[in-house]
Amino acid sequence: MEAYPKILQELGSAIPGGRVLEITPTTGCIVGCSYCPQDKFAHRQRTISHVKHLRLEDFKRCLARVPTSVDISFAGYSEPWLNPDCTEMVEHAYARGHGIRIFTTLVGMKGRDLHRLQAMRSRVFVVHVLDDGAYMNSRLVGDKYLALIRQVVDTDIAWIRFIVLGEVHPDIVEIFPAEALLRTRPVSSMGGSVNPKTVEPAANHRSTHMRGRTTVSECSSSKRRRYSLLQGF
C-alpha cells in the first residue's frame, strides 16, 4: 500500500493536464478486469443501446464539434483496439490537431497498428500489461500477443509507460527490463469508490461483459463529466 501513491505519482507525472475527451470505441471487453465496474455500466447501457462498436463515421462527425485544444483519450471501460477502426480514429484525431492519449492492454492491436501509431507523437501512451490471471483474462497471452509485446518494448516510442496491476504474467515477465515496469495492485474501481468486490481476483469475481456501450467523458483538473455517444448522434 505504501508503494501505491508513489506509483500513481510517478505515472501521473507523465500525464499532462488540460481538457480531455475520453473515448471508449467498443463494448464487451474480453480482457475482463475484475476491478472494472463493467456490470454496473452494462446494466445502464443496455437501456440505451446495443451497439457494439463506435463507427468511424460517427466518431468523425462527433469529433468535428470538439475544439482541437481538447486532447482525445482512447481508454474507458474496455480495450480500445477491440474496435478494428481504432487506429484510424487515432490518426483522424491527430490529423485534426488534437493531442492523443492512449491507454491500452494491446489486446486486439496488430503490428501494423503499432507502426502507424509510431508515426504520431502521443502525449500519453500507457500499456496496461496483462497479469498472471488473478485480475485479468490470462488466456489472452499467446504467441501473437507476446510478439507484439516484444515489438512494443523494442520500439523507439520513448514516451510509452508500462504498468501492471498485480503480478506480471509469467510468459511476459522476462520481456520487460525491471525499471521499465510500474507495479502496483488494484485498490479501487474506475469510478473512484473503493469496494472490496472490485478488487477480488478473477477466480472469485466474474466480470459482466458490456454490451452496446460507447461513452466519452470530458475531464478538467477540477471535474469530470460523462456522456453517452450513440449511433446516429
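- Side-chain contact between C33 and Y135 is absent, with no heavy-atom pair separated by less than 4.5 Å.
- Expressed to the nearest 0.5 Å, how far CZ of R61 lies from CG of L56 amounts to 11.0 Å.
- Ionic pairing of D113 and K110 is not present here: no N-O contact between side-chain nitrogen and carboxylate oxygen is shorter than 4.0 angstrom.
- In this model, a donor atom of one side chain and an acceptor atom of the other lie less than 3.5 Å apart for T87 and W81.
- Closest heavy-atom contact between V31 and L140: CA-CD1, 3.8 Å.
- Contact check for M136 versus Y35: side-chain heavy atoms found under the 4.5 Å cut-off.
- Partners of Y94 according to the ring pair (Phe, Tyr, Trp, His ring centres under 6.0 Å) rule, which considers only residues two or more places apart in sequence or in another chain, do not exist here.
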Next on the checklist: Using side chain to side chain contact (heavy atoms under 4.5 Å, CB included), reason through V20 and R101 one step at a time and then give a plain yes or no.
Outcome noted: CA-CA 9 Å; V20 180; R101 306 183 185 211; 3.4 Å; yes
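- The aromatic rings of F59 and F74 are tilted relative to each other, their planes meeting at an angle between 30° and 60°.
- Between the side chains of H128 and T105, not a single donor N or O lies within less than 3.5 Å of an accepting N or O.
- Considering I149, L106, V164, V107 as possible partners of L130, the one that fulfils the side-chain contact (heavy atoms from CB on, under 4.5 Å) test is V107.
- Within the 3.5 Å criterion, the main-chain N or O of L63 finds a donor-acceptor partner in the side chain of R96.
- Between the side chain of N83 and the backbone N or O of P80, no donor-acceptor pair lies under 3.5 Å.
- Residue pairs satisfying the salt bridge (charged side-chain N to carboxylate O under 4.0 Å, His left out) criterion with at least one member in residues 133-144, sequence neighbours excluded, are absent.
- Within the 4.5 Å cutoff, the side chain of F162 has heavy atoms near those of the V152 side chain.
- Every residue meeting the side-chain contact (heavy atoms from CB on, under 4.5 Å) condition with V173, not counting sequence neighbours, appears here in chain and number order: V168, R183.
- Checking side-chain atoms of N137 against main-chain N and O of G32 turns up no donor-acceptor pair under 3.5 Å.
- The CD atom of E79 sits 12.5 Å away from atom CZ of F103, with the distance rounded to the nearest 0.5 Å.
- Take E167 and apply the side-chain contact (heavy atoms from CB on, under 4.5 Å) test, not counting sequence neighbours, and it matches D132.
- Between the CD1 atom in I23 and the CD1 atom in I72 there is a gap of 5.5 Å [rounded to 0.5 Å].
- Rounding to the nearest 0.5 Å gives a distance of 4.5 Å between CG of L117 and CD1 of I102.
- Side-chain contact between M109 and C86 is absent, with no heavy-atom pair separated by less than 4.5 Å.
- Annotation: side chain of L21 is not in contact with side chain of H98 (no heavy-atom distance under 4.5 Å).
- Between atom CG of residue D71 and atom CZ of residue R123 there is a gap of 4.5 Å, rounded to the nearest 0.5 Å.
- Rounding to the nearest 0.5 Å places NZ of K52 at 7.5 Å from CG of L82.
- The two residues T24 and S78 have their closest heavy-atom pair at CG2-OG, 3.2 Å.
- A search for salt bridge (charged side-chain N to carboxylate O under 4.0 Å, His left out) contacts involving E91 returns R116, not counting sequence neighbours.
- For residues 169-178, the set of pairs meeting the side chain to side chain donor-acceptor pair (under 3.5 Å) definition, not counting sequence neighbours, is empty.
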